[in-house]
A.B. asks: 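Structure provided below as structure tokens; questions to follow.
Values reported hereafter were calculated over all heavy atoms of this structure, with side chains retained and with hydrogens, waters and symmetry mates removed. Numbers restart at 1 for each chain; the letters A, B, ... are given by sequence-line order, proteins then strands. Given the structure is predicted, the values throughout are model-derived calculations rather than measurements.
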Amino acid sequence: MSEVVSQAESENQGIGAPVRRREDLRFITGDGRYTDDINQPGQLYAAFCRSPYPRVRIDNIDASEALALPGVVAVYTGQQLVDDGLGDLPCGWMVKSKDGTEMISAPHPPMAATVANYVGEPYALVLAETLQIAKQAAELVDTDFTELNAVVDLAHASGSENIYEGIENNLAYEWALGDEDATKMAFARAAHVTTLDLTNNRLIPNALEPRACLGMYERGTGDYTLYTTSQNPHLERLVLSAFVQIAPEHKLRIIAPDVGGGFGSKIFIYSEETSVIWAAGKIKRPIKWVADRSESFLADAHGRDHITRAELAMDEMGRFTGLRVKTTANLGAYLSTFGSSVPTYLYGTLLAGQYKTPNIYVEVQGTYTNTAPVDAYRGAGRPEATYVVERIVDQAARELGKDPADLRRMNMIQPEDFPYETPVALTYDTGNYEASLDKALEMIDYAGFEARQAEAAERGKRRGIGLACYIEACGLAPSKLAIQLGAGVGLYESGEIRMNPTGSVSVFTGSHSHGQGHETTFAQVVSDKLGVSYDDVEVIHGDTGRMEFGLGTYGSRSLAVGGSALMVAAEKVIEKGRKIAAHMMQAQVDQVDFENGQFTLQDSNQSVSIQEVAFAAYVPADYPEDLEPGLTEKAFYDPNNFTYPAGTHVAEVEVDLETGVVQLVDFVAVDDFGHIINPLIVDGQVHGGVAQGAGQALMEHGIYDEYGQLQTGSFMDYTMPRADDLPDFRVDTTVTPCTHNPLGVKGCGEAGAIGSPAAIMNAVTHALGNKDISMPATPEKVWRAIRGE
Amino acid sequence: MYPFNYHKPASVSEAVSLFRNADDPMYLSGGMTLIPTMKQRLAAPTDLIDLSGIPEVSGIEVSADRVRVGAFTRHNDVVRSPEINKTLPVLSHLAGLIGDNQVRNRGTIGGSVANSDPSADYPAAVVGLGATVYTQDRSISGDEFFLNLFETALHPGEIITHIDFPVPTRAAYQKFPNPASRYAVVGVLIAEFAGTIRVGVTGAGPCACRASGMEEVLNQNLTVAALDAVEVPDAGFNSDLHASAEYRAHLVKVMARRALADLLGQ
Amino acid sequence: MKVSFKVNGQAHEIDVPPNTLLVEVLRETLELTGTHVGCDTSQCGACTVHLDGRAVKSCTVLAPQLDGVEVTTIEGIGDSENLHPMQAAFRECHALQCGFCTPGMIMQAIDLVEKNPGLDSQAIREGLEGNICRCTGYHNIVRAIASVADAKPASVK
């Protein structure tokens with residue numbers, strides 16, 4: 001979208017300017033500080049013993065040989081953590097089944113104690129003076145296992161042996177949303193029904209920085225400090241303190257320094273970090289743990305993994321009258337931190353898409369299997385929902401002989417329909433879906449597709465085009481509603497603005513940046529609002545010791561919720577500043593206006609700058625008597641609704657008919673993110689999301705074999721999108737500002753990954769002559785489809 | 001990585017003598033396969049004998065009918081050698097498809113060939129061009145060099161010193177890379193020598209081999225269409241997540257068609 | 001064992017066990033933590049440095065192999081006051097997000113541009129085969145490298 005203008009040409013560094021990121025300077029010079037870059041004198045190194053089988057009873061652990069190795073300091077087992085009184089790793093969202101019963105959480109001790117339930121689950125921790133010794137000792141730990149029958153196949157999990165006593169059919173819950181009877185009626189009256197079976201493939205997040213931590217315990221004070229790769233350090237502190245009971249919150253500090261990507265996988269509270277901080281207290285020495293990539297594959301929470309049957313009912317005109325969806329969602333072996341909410345509240349609620357479908361009913365079976373836990377991964381539920389809606393709409397268009405764009409257009413919610421209440425519990429505040437669709441079709445030259453198709457055919461390639469008109473919901477809110485629906489935490493964000501005495505500004509946010517560029521965008525917001533120089537604003541995040549609370553970064557919420565908190569805090573700074581300025585100018589408060597960093601006395605040429613006001617606040621020589629000194633304000637911002645980014649993605653692919661190779665040759669994304677603070681960063685977020693969506697559609701697949709072993713356990717087997725797999729992306733935006741937050745922003749972090757899989761698979765399906773194949777569309781699968789298998 | 005003793009001999013004979021006197025030694029060439037394997041604790045040699053300091057195993061010599069590549073020649077040196085590009089361009093092209101740039105800057109032809117990874121590229125050239133592999137003791141015909149999965153005709157301790165490639169009239173290589181690892185799922189090299197066709201295939205079976213069925217047909221009729229009549233049975237072919245044996249057999253044919261089209265300039 | 005080599009122009013003699021990797025020497029012995037480790041199979045390229053002027057994966061080079069070589073790391077090509085043109089281009093084009101792959105990506109990009117004149121955008125994409133980025137979708141990385149290579153970005157198909 002944004003033609004790149006060089007920084008020198010762009011003097012404006014406020015809202016809307018493509019400011020070059022300030023954090024980049026340290027990253028491009030090698031001066032970033034990631035967790036593994038931090039060391040403590042005397043630190044030990046941790047290595048974990050992991051279950052080699054998907055389901056075992058742990059009969060005996062003999063660590064004597066490991067302990068005999070010089071340099072080994074300790075071996076701790078999962079049972080010791082339990083015996084020490086540590087609590088389970090909790091799931092933060094209680095989902096109720098459709099019969100009103102609470103979901104059933106499988107017991108999830110911080111490390112496996114008596115049983116292990118997926119390959120790679122840690123059950124013992126070895127501490128040694130060097131990493132080499134720790135790894136060698138971990139191999140020497142002699143463990144007796146009894147192998148138990150493992151449940152691996154999601155489709156048949158509910159009829160298999162129960163993994164956990166008391167959890168019948170391996171179901172954590174059977175959740176439903178929508179009006180079942182009305183939907184049934186709609187299908188009974190339908191002129192046409194389209195049915196589609198869909199698989200949403202398991203993905204492995206693979207942030208490029210593996211998880212890591214450095215746990216420390218201060219003997220003198222009893223304080224714990226954990227450096228860790230977290231997207232939400234305060235949440236981690238809350239869980240480790242309140243549930244796991246490592247230490248009270250005031251004795252536990254979590255620092256997430258530079259973090260090398262998250263995509264959801266670093267939201268959750270995992271065994272390894274928990275065990276390390278516990279062990280640091282036990283052994284009273286710092287402990288370092290850094291995951292190998294193979295450990296990331298085995299033990300980071302995975303994403304997606306749904307099997308779905310969807311049915312769409314239409315009237316004789318093609319108007320959608322009902323949507324019925326039944327999904328089996330893989331939760332893995334345990335309910336990870338937000339694992340329960342992803343296939344329910346973040347999925348079922350999005351099934352209206354951009355359409356006025358009046359009746360929707362969805363059922364989700366949350367299913368345990370002996371595989372790694374499944375939780376939020378970029379998009380978290382919304383890519384799955386979009387995949388269902390946008391694939392079945394395309395299929396319906398083909399069955400009806402209609403142009404997929406026309407069928408969508410005919411069913412779209414119109415600008416005059418907002419606020420629009422969907423049959424699945426959401427109220428969309430604003431949007432203009434056709435505007436994005438029109439722009440995207442124009443950019444891709446929809447009308448010219450046939451010529452491109454013919455040209456490709458001459459080269460022996462089958463070209464296809466596919467659309468996806470997605471909606472998503474960001475900035476999960478409001479807290480009260482979410483908590484009523486089972487959320488264990490609030491969904492607000494905190495922000496604090498400290499005007500320093502000399503006029504510079506320190507901004508503290510509970511959001512966390514691990515690639516999103518908060519240090520730049522949040523500074524743009526605050527400098528714009530306070531009328532101070534961008535260079536005078538510093539943004540600080542990621543340390544429970546420096547900011548009082550926060551809920552972190554996930555669900556594309558940072559700007560909409562965290563940025564809004566800063567807007568509210570800035571408003572408070574201005575209000576207090578107005579009082580100080582009024583005193584300084586010997587005027588009434590309501591006679592003082594604030595603009596561009598200046599407090600001005602109405603109808604006069606008198607003004608004082610915010611910097612002068614800040615100085616007066618800290619050196620209160622001549623100062624209002626009823627006012628406290630200082631100019632520091634904080635805010636907790638709790639949105640009253642989600643934000644609803646939406647847009648249209650269009651993909652064109654070419655299929656090599658001889659090999660089955662699918663090449664993504666063009667991709668257009670037109671997104672409505674509301675107001676945009678930094679177009680450079682927004683474009684980058686879309687590019688990255690689209691690449692991950694293309695990965696899901698064409699390459700990535702986390703595969704367990706029938707014995708529960710992860711077959712795609714390294715970059716040698718799990719296909720990561722590389723530069724030569726992808727085309728240049730073409731992105732643009734339309735704007736309908738969010739109606740209920742002070743910035744009018746909606747969030748852009750996940751949209752790329754939400755719309756693109758459906759668009760690409762629709763293009764593949766189109767290229768294959770309407771033959772439906774499951775994601776990912778890998779060469780052999782496509783080759784077989786071409787052969788008519 | 002398990003501990004080991006490191007040696008850096010200055011001659012082949014010193015290397016061989018170190019090898020004979022160690023418990024469980026391995027030669028280290030570019031290390032592009034060996035080091036990752038050791039990092040993952042899947043190999044634990046007691047002694048690593050680094051071949052990088054041996055002048056006898058390096059260097060490129062090109063004459064009109066032969067290209068001699070020292071075993072320690074790194075892939076990118078083959079990619080960028082003006083002489084090889086001129087005389088045996090298929091070898092530079094093939095070398096340029098191995099791994100990635102960083103790997104090509106370290107990996108060596110001798111290491112790749114000695115390893116007999118079923119999905120490595122160079123073996124297709126050794127077989128397809130009818131190369132001769134020289135060691136300190138003898139020469140081994142390319143046709144007889146690769147025996148099985150990670151198994152070659154080399155005796156324990158034997159070191160490849162150089163490989164001689166005869167220069168064909170024309171040749172071409174086509175590779176279908178594994179989408180994740182970028183190793184060859186299938187690679188086919190076709191070369192024409194004074195009216196005789198050789199076809200070398202890597203990736204499909206346990207080790208690189210000639211496709212004699214294709215050779216016979218192409219010796220009669222050097223056209224892409226002639227390949228359609230060739231059956232490629234998948235018996236004994238590799239099968240993994242990315243390609244079943246059946247699909248590999250199909251890809252052998254497709255890559256052969258494409259290589260032949262390249263060779264014929266079509 | 002003792003190994004003598006140069007890093008970023010400075011001579012070092014270190015004494016490490018033979019089973020030490022170059023990346024461990026850089027990060028732990030010399031405290032040059034700009035070089036990162038993103039995988040254990042030599043695939044991701046986050047650890048890319050220059051060894052005698054060529055891009056290599058420092059996770060796949062053993063310390064003993066370093067005797068007499070010159071290593072250049074991300075810390076050796078420029079600093080915030082005096083950026084290497086590739087560093088400047090990455091910032092200008094927003095070619096990084098989390099920054100973890102960036103040092104390796106920049107080191108490979110420099111090697112790519114130096115060794116291959118007249119790169120177009122497809123050649124740049126192919127030249128990044130050994131470097132994985134999970135954040136940017138590569139779009140802006142390709143643009144940044146193209147701006148240094150003075151190659152025109154490929155026209156959209």
A.B. asks: Counting only heavy atoms not in B:Glu231, do more than 12 fall under 6.0 Å of its CD?
C.D. replies: no
A.B. asks: Between chain A and each of B:Ala180, B:Pro3, B:Ala243, B:Pro179, count heavy-atom pairs under 4.5 Å; write down the option with the most.
C.D. replies: B:Ala180
A.B. asks: Is B:His250 reaching over with its side chain to a backbone N or O of A:Glu658, donor-acceptor style, under 3.5 angstrom?
C.D. replies: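 Flag set: sc B:His250 to bb A:Glu658 pair under 3.5 Å.
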A.B. asks: For the pair A:Thr659 and B:Met255, evaluate side-chain contact (heavy atoms from CB on, under 4.5 Å) and give the outcome as yes or no after the intermediate values.
C.D. replies: CA-CA 9 Å; A:Thr659 60; B:Met255 292 301 115; 4.0 Å; yes
A.B. asks: Would a distance-only check, ignoring hydrogens and angles, find a side-chain to backbone donor-acceptor pair under 3.5 Å from B:Tyr2 to A:Gln136?
C.D. replies: no
A.B. asks: Is the OH atom of A:Tyr53 crowded by more than 12 outside heavy atoms at less than 6.0 Å?
C.D. replies: no
A.B. asks: Do you know which of A:Met720, A:Glu139, A:His701, A:Gln711 has the most heavy-atom pairs under 4.5 Å to chain B?
C.D. replies: A:Glu139
A.B. asks: In terms of heavy-atom proximity below 4.5 Å to chain B, should A:Met699 be classed as side chain, backbone, both, or neither?
C.D. replies: neither
A.B. asks: Roughly how far, to the nearest 0.5 Å, is CG of B:Asn178 from CE of A:Met716?
C.D. replies: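 Those atoms lie 8.0 Å apart.
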A.B. asks: Which atoms of A:Lys135 come close to chain B, meaning under 4.5 Å heavy atom to heavy atom: side chain ones, backbone ones, both, or neither?
C.D. replies: both
A.B. asks: Which bit of A:Arg293 comes within less than 4.5 Å of chain B, counting heavy atoms only: side chain, backbone, both or neither?
C.D. replies: neither
A.B. asks: For B:Arg41 and A:Asp292, what are the C-alpha separation, side-chain angles and deciding distance, and is it a salt bridge (charged side-chain N to carboxylate O under 4.0 Å, His left out)?
C.D. replies: CA-CA 13 Å; B:Arg41 308 173 79 82; A:Asp292 286 340; over 6 Å; no
A.B. asks: Would A:Val661 and B:Phe176 count as a side-chain contact (heavy atoms from CB on, under 4.5 Å) if you check the C-alpha gap in whole Å, the side-chain angles of each, and the deciding distance to 0.1 Å?
C.D. replies: CA-CA 10 Å; A:Val661 168; B:Phe176 187 90; 3.4 Å; yes
A.B. asks: Is any NZ, NE, NH1 or NH2 atom of the basic residue among B:Glu246 and A:Arg787 found under 4.0 Å from an Asp or Glu carboxylate oxygen of the other?
C.D. replies: yes
A.B. asks: For chain A, which candidate among B:Arg258, B:Gln40, B:Arg257 shows the most heavy-atom pairs at distances under 4.5 Å?
C.D. replies: B:Arg258
A.B. asks: Should the heavy atoms of other residues, nucleotides or ligands under 6.0 Å from CD of A:Glu65 be counted, would the total exceed 12?
C.D. replies: no
A.B. asks: Considering only heavy atoms, which portion of A:Glu700 lies under 4.5 Å from any heavy atom of chain B: side chain, backbone, both, or neither?
C.D. replies: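 Nothing of A:Glu700, per the 4.5 Å heavy-atom cut-off to chain B.
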A.B. asks: Is it the backbone or the side chain of A:Pro721 that comes under 4.5 Å from a heavy atom of chain B, or both, or neither?
C.D. replies: neither
A.B. asks: Under 4.5 Å heavy-atom distance to chain B, tell me which part of A:Thr778 shows up: side chain, backbone, both or neither.
C.D. replies: neither
A.B. asks: Drop me the distance from A:Tyr718's OH to B:Ser181's OG, to the nearest 0.5 angstrom.
C.D. replies: 15.5 Å
A.B. asks: Can you tell me how far CG of B:Leu241 sits from CD1 of A:Ile703, rounded to the nearest 0.5 angstrom?
C.D. replies: 4.5 Å
A.B. asks: Hey, are B:Arg182 and A:Asp725 close enough for a salt bridge, meaning a charged N less than 4.0 Å from a carboxylate O?
C.D. replies: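 The answer is yes: the pair qualifies as a salt bridge.
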